[in-house]
Amino acid sequence: MKNYWDCFNFMPELPEVETIRRDLAKKILDKKIKDIFVLDKRTLTPVRHRSDIRQMSNGARRFKKILIGKSFVGIERRGKLLIFKLNTNKFLLVHLKMTGQLIYEKKGNSKKQSEIIVGGHEDKNFKQVDKYARVVFEFEDSSKLYFNDLRIFGYLKIINEKELEKVKEGFGVEPLSPAMSPAKSMAMFKNKKTTIKAFLLNQKNIAGIGNIYTDEICFACGILPTRKVNTLNKKEIELILKNTKKILKLAIEKRGTTFNNYRDSNGNKGNFVSFLKVYGRQGQKCQKCGGEIKKIKVAGRGTHYCPVCQS
DNA sequence: AAGATTGTTGCTTA
DNA sequence: TTAAGCAACAATCT
């Protein structure tokens with residue numbers, strides 16, 4: 001890898017995860033799992049449980065035993081979490097966190113990079129199939145599903161139906177569902193003393209928005225990320241609702257393309273995504289007013305905004 | 001060589 | 001009691 005930050009040209013938030021979900025559903029459903037390779041067993045244990053030696057040591061054996069010979073019959077998404085339904089009474093949770101990727105490789109394509117499908121993104125520059133592969137599923141037709149994850153923040157976890165209900169309850173409203181109505185939003189925003197940035201990042205409020213889309217939503221609304229939620233009026237809350245739906249829908253339409261400031265050794269730009277107005281554009285001109293986009297830290301996260309257009 | 005990158009959570013503080 | 005804030009985790013680059 002030429003540049004560490006190349007890994008971050010794909011930071012999965014709702015639109016990216018949804019794109020993967022839709023594409024994988026067309027490719028892997030009802031295929032019998034022939035074998036599983038666990039290359040790093042930390043991936044099978046969420047970070048907070050990795051000090052549990054028993055979980056860590058039993059993880060791979062149990063994981064294989066439950067999955068081999070079975071097949072996936074459906075893929076759901078809740079926020080940024082993927083839920084693979086097995087043809088048994090169990091479910092496989094997949095969280096990509098920051099650097100996780102799900103890569104489906106058709107039979108016999110291992111050396112033809114141009115044919116490798118990256119979570120639904122055709123990525124001719126993809127080179128890291130092996131180095132950061134943590135878990136590999138092999139299906140009966142010899143196609144493979146790679147879970148790659150440079151930083152090993154992501155995880156794969158098997159749970160039952162009861163545990164699934166609990167997991168789902170932990171999430172707030174799905175932003176693209178009818179449940180995200182103006183009435184519901186007003187109640188949700190009411191009396192919150194935190195910043196709009198922290199509010200939008202909190203998955204218990206709205207599920208699936210990450211750091212990039214938070215900044216983009218705030219810009220689209222002309223609202224500073226530092227604004228306290230309880231200072232927003234009805235009109236502003238409705239605007240946040242409208243722009244959240246609009247931006248996420250557009251991003252899904254663009255197959256979840258998010259952020260890419262990569263330049264290769266020849267100085268060529270990667271894909272620049274025109275709808276990013278503020279994220280990663282600090283020091284550049286605001287496309288609306290020509291002023292300079294600033295970057296500060298809000299809620300512990302890098303936060304981009306236009307001081308003129310947002311207040 | 002410390003600081004920064006982000007999603008989530010569990011602990012601390014208010 | 002509840003909400004808000006923050007450290008910690010992971011790998012790697014500047």
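Please read these numbers as outputs of a predicted model, since none were measured by experiment. Per chain, numbering begins at 1; letters A, B, ... match sequence-line order.
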> Given atom CE of A:M98 and atom C1' of C:dC13, what is their separation to the nearest angstrom?
Replying inline: 13 Å
> Just how far, in rounded Å, is C1' of B:dG7 from CD1 of A:I206?
Replying inline: 17 Å
> How would nucleotides 9-14 of chain B be written as a contact map, 5' to 3', with B for base contact, S for sugar-phosphate-only contact and - for no contact, using protein heavy atoms under 4.0 Å?
Replying inline: SS----
> Can you name the ring pair (Phe, Tyr, Trp, His ring centres under 6.0 Å) partners of A:F219, sequence neighbours left out?
Replying inline: none
>> Quick check against the 3.5 Å criterion: does A:R78 have a side-chain atom that pairs as donor or acceptor with the backbone of A:L82?
In response: no
> Separation of A:L150 atom CG from C:dC9 atom C1', in whole Å?
Replying inline: 14 Å
>> Check the phosphate of B:dG7 against A:Y213, side-chain N and O only, distance under 4.0 Å to OP1 or OP2. Yes or no?
In response: no
> Base, sugar-phosphate alone, or nothing: which one does A:G154 contact when heavy atoms must sit under 4.0 Å apart?
Replying inline: nothing
>> Among residues at least two apart in sequence or on other chains, which ones pass side-chain hydrogen bond (donor to acceptor under 3.5 Å, both in side chains) with A:Q203?
In response: none
> Atom CG of A:D149 and atom C1' of B:dT6: how far apart are they, to the nearest Å?
Replying inline: 12 Å
Show each protein N/O and nucleotides 4-8 of chain C N/O combination with a separation under 3.5 Å, one pair to a line.
from  : atom 1 : to     : atom 2 : distance (Å)
C:dA4 : OP1    : A:K193 : N      : 2.8
C:dG5 : OP2    : A:T194 : OG1    : 3.0

> Which residues satisfy the side-chain contact (heavy atoms from CB on, under 4.5 Å) test with A:N233, sequence neighbours excluded?
Replying inline: A:K235, A:E236
> With sequence neighbours left out, what residues match A:L145 under side-chain contact (heavy atoms from CB on, under 4.5 Å)?
Replying inline: A:L24, A:I28, A:L102, A:Y104, A:F137, A:F139
> Between the two ends of the helix from B:dA2-C:dT14 to B:dA14-C:dT2, what is the bend in degrees, rounded to 10 degrees, where each end axis spans five pairs?
Replying inline: 60°
>> Output the rounded distance in Å from CD1 (A:I152) to C1' (B:dT8).
In response: 17 Å
> Taking atom P of B:dT8 as reference, at what distance in whole Å does atom CG of A:L96 sit?
Replying inline: 10 Å
> For A:D141, which residues count as a side-chain hydrogen bond (donor to acceptor under 3.5 Å, both in side chains) partner, sequence neighbours excluded?
Replying inline: A:K31, A:S143
>> Suppose the criterion is salt bridge (charged side-chain N to carboxylate O under 4.0 Å, His left out): which pairs have a residue in residues 198-215 of chain A, not counting sequence neighbours?
In response: A:K197-A:D215
> Which residue pairs pass the salt bridge (charged side-chain N to carboxylate O under 4.0 Å, His left out) test when at least one of the two sits in residues 238-247 of chain A, sequence neighbours left out?
Replying inline: none
> Of all residues at least two apart in sequence or in a different chain, which pass the ring pair (Phe, Tyr, Trp, His ring centres under 6.0 Å) check with A:F189?
Replying inline: A:F199
> Nearest of B:dT8, B:dT5, C:dT12 to any side-chain atom of A:Y279?
Replying inline: B:dT5
> A:Y132 OH to C:dA11 C1': how many Å, rounded?
Replying inline: 8 Å
> Between A:R151 (CZ) and C:dA11 (P), how many Å, whole number?
Replying inline: 9 Å
> What residues form a ring pair (Phe, Tyr, Trp, His ring centres under 6.0 Å) with A:Y305, not counting sequence neighbours?
Replying inline: none
>> Check this for me: A:E161, atom CD, are more than 12 non-hydrogen atoms of other residues, nucleotides or ligands nearer than 6.0 Å?
In response: no
> Counting just side-chain N and O atoms, does A:H95 come under 4.0 Å of either OP1 or OP2 of B:dT8?
Replying inline: yes
>> Contact between A:L164 and A:L93 at the side-chain level, heavy atoms closer than 4.5 Å - yes or no?
In response: yes
>> From the set B:dG7, B:dT8, C:dT12, return the single nucleotide nearest to any side-chain atom of A:Q203.
In response: B:dT8
>> So, OP1 or OP2 of B:dT5: does either fall under 4.0 Å of a side-chain N or O from A:K295?
In response: yes
